[in-house]
There are 2 protein chains.
Amino acid sequence: MKVSEAALDKFHEYLKDKGLKLTSERKEILKKVFSIHDHFDAEDLLFMLKKEGKDVSRASVYRTLNLLVDSSLVEKVDFGEGKAYYEHIFGHYHHDHLVCLDCGKVVQFEDPVIEKRQEEICKGHDFQLDYHTLNIFGRCKECRKGGQEDASNS
Amino acid sequence: MKVSEAALDKFHEYLKDKGLKLTSERKEILKKVFSIHDHFDAEDLLFMLKKEGKDVSRASVYRTLNLLVDSSLVEKVDFGEGKAYYEHIFGHYHHDHLVCLDCGKVVQFEDPVIEKRQEEICKGHDFQLDYHTLNIFGRCKECRKGGQEDASNS
DNA sequence: ATGCGTGCAAATACTTTGCATGCCC
DNA sequence: GGGCATGCAAAGTATTTGCACGCAT
């Protein structure tokens, strides 16, 4: 069974639980979301759907993304750009990001030491950890190589 | 010397470097920013300034906040709410946040293990670390104790 | 004196929402 | 058939920007 089918099942279940409906629009959006193996924003998604002749409105894209986030099938990622990015998470491990400030490239990483440490910190604060976001900003290898000396900070 | 005075010096230096000017508006904004020992958004800051009779425009608040962030005196914090929060950082250590999804309370923490691990990860990816943001979302002790309902704070 | 900075309002960018109609269960 | 969902456009937020005038260096 493909991941997107398992995701569809889970989404359907989530919707049923809430008394909501699995419409053709929601199906198309979910399918597309699970075909993108990278982060994307609402506008990207809308554009891709339109390009393929799927006639979904911007409002439905936004509304469905919120549902997908709420159902834990999709994660909202914030790179501090004043808009939201998304990535599907079902069937993946959670991961964090290295974001290049020059070229904008995003590299994913996952680190058990940090994950574990967060749990300890939360325990110490008697805080129930639901999820976290960790973004590391800087400059990737290529951008440092590619001419700009910089390197000096502050 | 008070922290805000040292900050003012550093800001002045930064501005000079860039051929920019230290205006009375920028001074007032910086002073206020360094008097707030918590995170705040642009509107909060504007409101506080107005309340004290400092006549600064919204545009100047936004423009100056950007300068303060660029000069590393202030950090932009993103809680995924679609707007930016800020906190002054000069004279402090960098810290991360525990954000309660129920009451919105934010607790700061700072963890050398996580900081160190991030450096190692960046080294492994040949990535130059400039800064990072780590937010942990969940529920604080009080909100878990206080029943399941949304406990809006007083 | 020069040119950056300011306030204002309009513009921009992203996201949400009200309403009339459409369609899933 | 009932009620949620959709599309559209308008409204709502957050932030930036063009312009004419003002002020720091």
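The sequence lines fix the lettering, A, B, ..., with proteins before strands; numbering per chain opens at 1.
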Taking the nucleotide of DNA chain C with the closest heavy atom to each, which residue, G19(B) or A59(B), is nearer the 5' end? G19(B)
Check the distance between dT16(C)'s P and K83(A)'s NZ and give it to me in whole angstrom. 14 Å
Sort out for me which residue in E87(A), E75(A), E110(A) forms a side chain to side chain donor-acceptor pair (under 3.5 Å) with H95(A). E87(A)
If only side-chain N and O atoms count, and only distance matters, is there a donor-acceptor pair under 3.5 Å linking H39(A) with D41(A)? no
Using whole Å, what does the distance between atom P of nucleotide dA14(D) and atom CG of L65(B) come to? 14 Å
Among pairs that include at least one residue of residues 57-71 of chain B, which meet salt bridge (charged side-chain N to carboxylate O under 4.0 Å, His left out), considering only residues two or more places apart or in two chains? K18(B)-D70(B), E43(B)-R58(B)
Sub-3.5 Å pairs of nitrogen or oxygen atoms, protein against nucleotides 19-25 of chain C:
unit_1  : atom_1 : unit_2 : atom_2 : d
dC24(C) : O2     : K21(A) : NZ     : 3.3
dC25(C) : OP1    : L22(A) : N      : 3.3

Return no unless some side-chain N or O of Y62(A) is found under 4.0 Å from OP1 or OP2 of dT16(C). no
K10(A) NZ: over 12 foreign heavy atoms closer than 6.0 Å: yes
Would you tell me if any nitrogen or oxygen in the side chain of R58(B) comes within less than 4.0 Å of OP1 or OP2 on dA9(C)? no
Rounded to the nearest Å, what distance is computed from the NZ atom of residue K50(A) to the C1' atom of nucleotide dG7(D)? 9 Å
Please name the residue in the list V33(B), L67(B), L68(B) that meets the side chain to side chain contact (heavy atoms under 4.5 Å, CB included) test with L73(B). L68(B)
